[in-house]
Amino acid sequence: FRKGDAVVLSEANAEGDRPCRWVGEGTVQQLSEQRLVLQLQLGEPPSEAELARGSWRVDVAANRLASRRQLQALHQLCSQGGLRGHNPLLLALSSGALPAAASLPS
């Protein structure tokens with residue numbers, strides 16, 4: 001890991017009989033050989049008791065910042081009348097009417 005990496009925090013399952021429980025998504029704030037400090041942007045941070053008794057898994061996640069900024073710019077462009085000829089697919093994407101994955105060509 002590196003400082004600023006996007007990560008997913010989940011409660012690990014040592015037995016393997018059930019999937020890991022998703023806890024949240026965030027970024028690495030501090031990193032040393034003995035300590036990892038995360039700032040969660042999505043999800044609820046575990047309590048002190050949960051942290052002490054649980055096993056935790058941290059995985060590198062996709063950084064959503066670039067895609068979020070692109071969608072915001074597209075929304076601004078569409079909402080300010082910047083699109084001449086109005087492309088319906090772009091307008092639906094920028095308004096959130098379609099999920100981004102639905103717009104990808106097969």
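Atoms considered below: every heavy atom in the structure, side chains included; atoms not considered: hydrogens, waters and symmetry mates.
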- Message: Please give me the minimum heavy-atom distance between Gly24 and Leu40, naming the atom from each residue.
- Response: C-CD2, 4.1 Å

- Item | Contact summary for Glu50 and Trp56, nearest pair of heavy atoms | O-CZ2, 3.3 Å

- Query: When clusters are formed by joining ILVMFWY residues with side-chain heavy atoms under 4.5 Å apart, either directly or through shared neighbours, do Val8 and Leu36 land in the same one?
  - Reply: no

- Task: For residues Gln41 and Thr27, determine if any side-chain heavy atom of one lies less than 4.5 Å from a side-chain heavy atom of the other.
- Result: yes

- Item | Nearest atoms (heavy-atom pairs only) where Leu31 meets Phe1 | CD2-O, 2.9 Å

- Lys/Arg N to Asp/Glu carboxylate O, Asp59 vs Arg57, below 4.0 Å: yes

- Could you give the distance from CG (Leu9) to CD (Glu44), rounded to the nearest 0.5 Å? 12.5 Å

- Item | Closest contact, heavy atoms only, Lys3 versus Gln29 | CE-O, 3.1 Å

- Quick one: does Val37's side chain get under 4.5 Å of Val28's, heavy atoms only? no

- Task: Applying side chain to side chain contact (heavy atoms under 4.5 Å, CB included), run through Val7 and Leu38 and close with a yes or a no.
- Result: CA-CA 8 Å; Val7 294; Leu38 306 176; 3.7 Å; yes

